[in-house]
Structure formats: structure tokens, C-alpha cells
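We count residues from 1, following the sequence as given.
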Amino acid sequence: MGYRSAYGGLLEEIAQEADQIALKYFRANELRVERKKDGTAVTQADRAVEEMARARVAASGLHLDVLGEEMGGGAETLVPEGRPRMIIDAIDGTEEISRGIPTFGTLLGIEHAGEIVAAMVSAPALDSRWQAYKGEGSYRDGRRLKVSAVARLQDAMVFSTGTGPSKDSADQTRIRKYLDAARSSRSFGGFWQHMLVAEGAIEAALDWASRPWDLAPLILIVQEAGGMSTSLNGRATIYEKSLLSTNGKIHDETLRVLR
């Protein structure tokens, strides 16, 4: 049985209900924003989506553990042995949803033997859903995705996380060097930039400091579209905080610029 057959139904069910919950709160007066100890935002939408997802996993009959941003559930490190697990970011882009910006979504990844084998990103305010299953291709709303053919960074359009005060001056310099090396660049972090790489709309996307649930579905979706996603150390992992996604053709060149 393929990974889509094994996990696709569950991921679709979770994404469908997560969309409904998120849209109920999007641009709504009842949305309440709180700050966690680390300063990041959380809303009742984040908690409601994660609680729903955990309940659906429990009811599915699948032997899955769950790791989530809001409710924990295990180590934030590679787990090569033991039961498969679902890694969830209930609302990636909490700052965005709290400000009425539509680039937020639910991120879902199934990790098996230390590898993400099923991935889904659902962004209801963009009316878009991306998914990939190992060896089965990458899709947006039923359309198979393919990365672009641009072969040089100087001809590319690239996106990145910002260069704000959370980064030291050395990191800020590296990010700006990357942005300046491209033909065109934007600072717009989060999942959407990586989906644009998978779609072939841009050539590179960079996250500088993220947690596993921020990245869980991204690598597989980009890879199955013919691209590459690695940490700045060149490894295809969600456990080294950074993530560079490219069309593959400019990956080595871009890594050299960032080092």
C-alpha cells in the first residue's frame, strides 16, 4: 500500500476541518491573540485545530504519535525508530491570520523511520492545498507541480525570511547577500515561499530559524516537484532549523552564497 493510500484520507479530513476552523476566525472580531513565553503569537484557532487533529488521529485506527506546536507530544529531534508520527503546525502564520493577511495555513507531515513520507499544506484563505506522498509526485489542488528551469541565481527570483533584530549582524549580512545575488527578491517567510518554489513560480525560498512543525511537509512537496530542500548544512532534514528550497538547479550556488 502506498503512502497516499495509507495516510491521504486522514490528512484530507484534518485539512478540511482545519480550513473551516481557521476561516471562522479569519478577519473575525472574536479572534484573540495571546503571547507565549517565547514571544510568538497563539490564538484560539491554533488550539482548536490541533485539538481536532489529535482527535482525528486517535479515531483513525492508525498507529500514529503526534508532535504539535501547541501541545507537544514528543522529541523535537529525529526519531528514526518507533511508531510513525504526525507533525502538525495547526496555524503556520499566526501573525498573519491575526492581522487579516491570507498567507496562513495548516501544515501536516507524516514521519516514518525518520523520514517524511506524506505531506500536506492547506491555506484556506488562498483557496489552495498542496500535497505530496513519497514517490507519488507533488500536487496543488489536483495539478501536478514542477519546479522552474532557471539555471543561475543571477536570473532567479528568490524569497526569504526577514533580517529583523532576532538575527545577529553576521546572519543579516548572509541573508542580504543571498537576496542581492538574485535578479529579484522578496522577504516573505513561512510555508508559502516554499510552495511557490514547488510550483515553479520562484526559484528559491529561505527559512533561517524554524522548528520541526514549521518545516515538516515542505521538503517532500518541493522534492516531489523536482526541486531540492536542505538545511544550510546541505542535509534534507527538518531538525537543523534552517531550510533552503530551490529548483535544484541553483541549489549548490545558493548554498555557497549563504555560507
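Contact annotation: the side chain of Gln193 approaches that of Asp207 to within less than 4.5 Å [non-hydrogen atoms, C-beta and beyond]. Here the side chains of Phe26 and Pro124 are not in contact, with every heavy-atom distance at 4.5 Å or above. Put simply, the side chain of Val158 does not reach to within 4.5 Å of the side chain of Leu206, judged on heavy atoms. When side chains are defined from C-beta on, Leu108 does not count as touching Pro217, because their heavy atoms never get closer than 4.5 Å. Looking only at side-chain heavy atoms (C-beta outward), Trp208 and Thr163 stay at 4.5 Å or farther from each other.
With hydrogens and angles disregarded, no donor-acceptor distance shorter than 3.5 Å links the side chain of Gln131 to the backbone of Met120. Panel note: side chain Asp46, backbone Thr43; a donor-acceptor pair is recorded below 3.5 Å. Judged purely by atom type and a 3.5 angstrom limit, Lys177 has no side-chain atom pairing as donor or acceptor with the backbone of Arg259. Side-chain atoms of Glu199 never come within 3.5 Å of backbone atoms of Leu145 as a donor-acceptor pair (strictly under, hydrogens ignored). The main-chain N or O of Arg4 is found under 3.5 Å from a side-chain atom of Glu136 such that the two form a donor-acceptor pair. A donor-acceptor pair under 3.5 Å links the side-chain atoms of Glu253 to the main chain of Leu153, judged by distance alone. Tyr178 contributes a side-chain N or O that, together with a main-chain N or O of Phe159, makes up a donor-acceptor pair within less than 3.5 Å. Side-chain N or O atoms of Glu224 include one that pairs as donor or acceptor with a backbone N or O of Gly135 at under 3.5 Å. With hydrogens and angles ignored, the 3.5 Å screen pairs no side-chain donor or acceptor of Glu240 with any backbone N or O of Ser231. Side-chain atoms of Arg85 never come within 3.5 Å of backbone atoms of Glu111 as a donor-acceptor pair (strictly under, hydrogens ignored).
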Given Thr103 and Glu96, is the side chain to side chain donor-acceptor pair (under 3.5 Å) satisfied, shown in steps?
CA-CA 6 Å; Thr103 50; Glu96 284 85 347; 4.6 Å; no

Yes or no on side chain to side chain donor-acceptor pair (under 3.5 Å) for Ser229 and His194, after CA distance, side-chain angles and deciding distance?
CA-CA 9 Å; Ser229 280; His194 299 272; 4.9 Å; no

Run the numbers on Glu115 and Lys134 for side-chain contact (heavy atoms from CB on, under 4.5 Å), then give the verdict.
CA-CA 10 Å; Glu115 181 180 17; Lys134 185 181 177 184; 3.0 Å; yes

Stepwise side chain to side chain donor-acceptor pair (under 3.5 Å) test for Arg140 and Ser138
CA-CA 7 Å; Arg140 174 183 173 176; Ser138 186; over 6 Å; no

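Cluster annotation: Trp213 and Ile219 are assigned to the same hydrophobic cluster (Ile/Leu/Val/Met/Phe/Trp/Tyr, side-chain heavy-atom contacts under 4.5 Å, transitive). Phe191 and Ile87 fall within the same hydrophobic cluster, defined by Ile, Leu, Val, Met, Phe, Trp and Tyr side-chain heavy atoms under 4.5 Å apart, directly or through other members. Tyr133 and Val57 end up in the same hydrophobic cluster when Ile, Leu, Val, Met, Phe, Trp and Tyr side chains are linked at under 4.5 Å. No single ILVMFWY cluster, assembled from side-chain heavy atoms under 4.5 Å apart, contains both Leu243 and Leu255. Val197 and Val121 fall within the same hydrophobic cluster, where Ile, Leu, Val, Met, Phe, Trp and Tyr residues are linked whenever their side-chain heavy atoms come under 4.5 Å apart, directly or through other members.
Taking all atoms of both residues into account, the shortest heavy-atom contact from Asp214 to Leu107 is O-CD2, 3.2 Å. The two residues Asn247 and Val150 make their nearest non-hydrogen contact at ND2-O, 2.8 Å. Considering every non-hydrogen atom in both Ala125 and Leu23, the closest pair reads N-CD2, 4.0 Å. Nearest heavy-atom pair, Leu220 versus Ala118, reported as atom, atom and distance to 0.1 Å: CD2-N, 3.7 Å. The heavy-atom pair separating Leu62 from Ala6 by the smallest distance is CD1-O, 3.9 Å. Phe104 and Gly93 get closest at one heavy-atom pair: CB-O, 3.6 Å.
The aromatic rings of Trp192 and Phe188 stand perpendicular to each other, their planes meeting at an angle above 60°, with 30° marking the opposite boundary.
At a threshold of 4.0 Å, the pair Arg129-Glu12 counts as salt-bridged, since one of the basic side-chain nitrogens sits closer than that to a carboxylate oxygen. Ionic pairing of Asp171 and Arg174 is present here: one or more N-O contacts between side-chain nitrogen and carboxylate oxygen are shorter than 4.0 angstrom. Ion pairing between a basic and an acidic side chain is recognised when a charged N comes within 4.0 Å of a carboxylate O; Glu69 and Arg211 show no such pairing.
Within a 6.0 Å radius of NZ in Lys167, more than 12 heavy atoms belonging to other residues, nucleotides or ligands are found.
By the ring pair (Phe, Tyr, Trp, His ring centres under 6.0 Å) test, Tyr239 is found to be paired with no residue, residues two or more places apart in sequence or in another chain being considered.
Annotation: the span from Ile88 atom CD1 to Ile14 atom CD1 amounts to 6.0 Å, rounded to 0.5 Å.
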